[in-house]
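Everything on this sheet refers to the single structure shown next.
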Amino acid sequence: MSIAKFKLALLQIAVGASKTENLLRASRFIKEAADKGAHLVTLPECFNSPYGTGYFAEYAEQLETGESCLALSAAAKENKIYLVGGSIPEKKDGKLYNTSTVWGPDGGLLAVHRKVHLFDIDIPGKIKFQESEILSPGNEFTSFQMGDVCKVGIGICYDMRFAELAQIYARNGCKLLLYPGAFNMTTGPAHWELLQRGRALDNQVYVATASPARSESSSYVAWGHSSVVSPWGEVIATTDEKESIVYADIDLDHLQQIRSQIPVTHQRRSDMYEVIQKKN
Ligand SMILES: NC(=O)CC(=O)C(=O)O
């Protein structure tokens with residue numbers, strides 16, 4: 001019989017200039033979450049490096065040999081958990097990516113997601129950020145199967161703004177969508193929770209986000225507020241801007257009940273509209 005409930009932990013950790021310290025901090029928080037019974041643990045976007053286009057080249061690693069992936073693999077194995085390694089700047093074939101890796105309880109690499117939608121925005125007087133100045137976009141959907149428990153879809157931060165990605169994950173059987181992310185002091189208060197609730201309600205899935213803790217002295221000030229939203233669209237666990245761990249029980253029976261009570265999946269008018277997946 002498959003398990004219908006498991007504990008998710010979101011690690012809202014502080015990220016500083018020292019990669020070594022960032023990795024040690026991540027390992028410490030992973031252990032704490034695992035000791036408290038988390039089965040799936042998620043780090044934030046850019047957890048090993050400050051978030052900014054000026055940092056990515058310096059902190060970038062190759063996945064196969066980089067110290068961050070070695071540390072993530074070891075942490076997953078030592079703590080016997082599924083681990084979503086937030087994201088790190090990755091170098092591959094002369095290009096840089098914003099990349100999330102997923103690790104199984106045996107320390108094996110289960111999935112790699114390269115941020116598909118690069119964060120290029122310009123809000124005059126507030127924030128201008130152009131990831132595409134230095135990063136290349138990924139071109140793949142990414143999901144992984146947590147044993148026989150749950151299929152999980154992965155996006156990174158700006159990916160959450162694209163409803164189509166979430167719809168396709170849900171249609172492919174994902175019941176939890178995880179977005180390591182780092183919204184900021186302009187878009188965070190306006191859109192962070194709203195987007196999560198929208199993605200969750202539209203698709204009747206759990207949605208979770210993991211942000212770095214806020215540091216007012218960073219060049220990019222993160223909003224924080226890592227959260228978990230239920231398929232009912234309700235925020236079931238959240239935090240403020242400080243360093244913390246957010247825990248939530250992901251209850252797949254509850255998800256199933258909501259889907260049978262409000263069966264939108266079967267009520268779609270595919271004779272009138274359709275979202276098309278063009279690649280795997
Ligand atoms: N940092 C991001 O990728 C996205 C973000 O901050 C936003 O969409 O707002």
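Using a distance-only test at 3.5 Å, with no hydrogens or angles considered, a donor-acceptor pair links the side chain of Asp251 to the main chain of Asp253. No donor-acceptor pair closer than 3.5 Å links the side chain of Arg214 to the backbone N or O of Glu241. Looking at Asn79, its side chain never comes within 3.5 Å of a backbone N or O of Ile81 through a donor-acceptor pair. A donor-acceptor pair under 3.5 Å is formed between the side chain of Asn22 and the backbone N or O of Gly16. Side chain of Ser260 to backbone of Gln256: a donor-acceptor contact under 3.5 angstrom is found. Formation of a donor-acceptor pair under 3.5 Å by the Lys279 side chain with backbone atoms of Phe141 is not found in this model. Looking only at distances, no side-chain donor or acceptor of Ser218 sits under 3.5 Å from a matching main-chain atom of Val221. Looking at Ser211, its side chain never comes within 3.5 Å of a backbone N or O of Ser226 through a donor-acceptor pair. For Thr101 (side chain) and Gly85 (main-chain N/O), no donor-acceptor pair under 3.5 Å exists by modelled atom type. Judged by distance alone, the side chain of Gln196 and the main-chain N or O of Trp192 form a donor-acceptor pair under 3.5 Å.
When all heavy atoms of Leu11 and Pro44 are compared, the pair lying nearest together is O-CD, 3.2 Å. Looking at every heavy atom in both residues, Gly153 comes nearest to Cys174 through N-SG, 3.5 Å. Here the shortest heavy-atom pairing between Ser136 and Tyr97 reads O-CD2, 3.2 Å. Contact record, Phe56 with Cys46: CE2-SG, 3.7 Å, taken as the closest heavy-atom pair.
Counting only N and O atoms by type, the side chains of Ser68 and Glu61 include a donor and acceptor under 3.5 Å apart. Gln12 and Thr239 are not linked by any side-chain donor-acceptor pair at a separation below 3.5 angstrom, with hydrogens and angles left out of the test. With 3.5 Å as the limit, one finds no donor-acceptor pair spanning the side chains of Asp122 and Gln130. Side-chain N/O atoms of Asn184 and Tyr220 include a donor and acceptor closer than 3.5 Å. In this structure, a donor-acceptor pair under 3.5 Å is absent between the side chains of Thr99 and Ser87. Side-chain contact annotation: Ser100 with His113, donor-acceptor N/O pair under 3.5 Å absent. There is no side-chain donor-acceptor pair under 3.5 Å between Asp202 and Gln167.
The aromatic rings of His225 and Trp223 lie parallel to each other, with less than 30° between the two planes, well short of the 60° mark.
With respect to Asp249 and Lys5, no salt bridge is recorded, no charged nitrogen being found less than 4.0 Å from a carboxylate O. No salt bridge links Glu78 with Lys31; every basic N to acidic carboxylate O contact stays at or beyond 4.0 Å. A salt bridge is absent between Lys95 and Asp93; no separation between the charged side-chain nitrogens and carboxylate oxygens falls under 4.0 Å. The pair Arg114-Glu90 counts as a salt bridge, with a side-chain nitrogen and a carboxylate oxygen less than 4.0 angstrom apart. Between Lys36 and Glu32 there is a salt bridge, since at least one side-chain N of the basic residue sits less than 4.0 Å from a carboxylate O of the acidic one. We find that Glu131 and Lys115 are joined by a salt bridge, their nearest charged nitrogen and carboxylate oxygen being less than 4.0 Å apart. One finds a salt bridge joining Arg25 and Glu243 here, because a Lys/Arg side-chain nitrogen approaches an Asp/Glu carboxylate oxygen to under 4.0 Å.
Between Phe129 and Tyr51, the gap from one ring centroid to the other is short of 6.0 Å. With ring centers used as reference points, His117 lies 6.0 Å or more from Tyr158.
Rounded to the nearest 0.5 Å, atoms CG (Asn98) and CG (Leu118) are 8.0 Å apart. In this structure, CG in Leu83 is found 9.5 Å from OG in Ser73, a value given to the nearest 0.5 Å. Within the model, atoms CZ of Phe162 and CZ of Arg199 stand 9.5 Å from one another, a figure rounded to the nearest 0.5 Å. Note that OG1 of Thr209 and CD of Glu193 are 9.5 Å apart. Values are rounded to the nearest 0.5 Å. Rounded to the nearest 0.5 Å, atoms CG (Leu252) and SG (Cys150) are 5.0 Å apart. Put simply, CG on Leu195 and CE on Met160 are 5.0 Å apart, with the number rounded to the nearest 0.5 Å.
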For this session: Show your working on side-chain contact (heavy atoms from CB on, under 4.5 Å) between Gln204 and Ile262 and close with a plain yes or no.
Result: CA-CA 9 Å; Gln204 299 182 315; Ile262 308 180; 3.8 Å; yes

For this session: Show the numbers, then the answer: is there a side-chain contact (heavy atoms from CB on, under 4.5 Å) between Phe47 and Leu23?
Result: CA-CA 8 Å; Phe47 80 92; Leu23 294 180; 3.7 Å; yes

For this session: List the steps, then state whether side-chain contact (heavy atoms from CB on, under 4.5 Å) holds for Arg268 with Tyr273.
Result: CA-CA 8 Å; Arg268 293 220 158 82; Tyr273 50 75; 4.2 Å; yes

Exercise. Going through the checks in order, is the side-chain contact (heavy atoms from CB on, under 4.5 Å) test met by Asp159 and Ile156?
Worked result: CA-CA 5 Å; Asp159 284 338; Ile156 302 175; 4.1 Å; yes

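Within 6.0 Å of CD in Glu67 there are more than 12 heavy atoms belonging to other residues, nucleotides or ligands. Atom CG of Asp271 has more than 12 heavy atoms from other residues, nucleotides or ligands within 6.0 Å. The number of heavy-atom neighbours closer than 6.0 Å to OH of Tyr55, taken from other residues, nucleotides and ligands shown, is 12 or below.
Between Leu63 and Ile88, some side-chain heavy-atom pair lies under the 4.5 Å cut-off. Using a 4.5 Å cut-off on side-chain heavy atoms (C-beta onward), Leu40 and Leu176 make contact. Considering only heavy atoms from C-beta on, Ser230 comes within 4.5 Å of Ile236 through its side chain.
The only option from Ile154, Leu8, Val152 that meets the side chain to side chain contact (heavy atoms under 4.5 Å, CB included) definition with Val84 turns out to be Ile154.
Leu165 and Val275 fall within the same hydrophobic cluster, defined by Ile, Leu, Val, Met, Phe, Trp and Tyr side-chain heavy atoms under 4.5 Å apart, directly or through other members.
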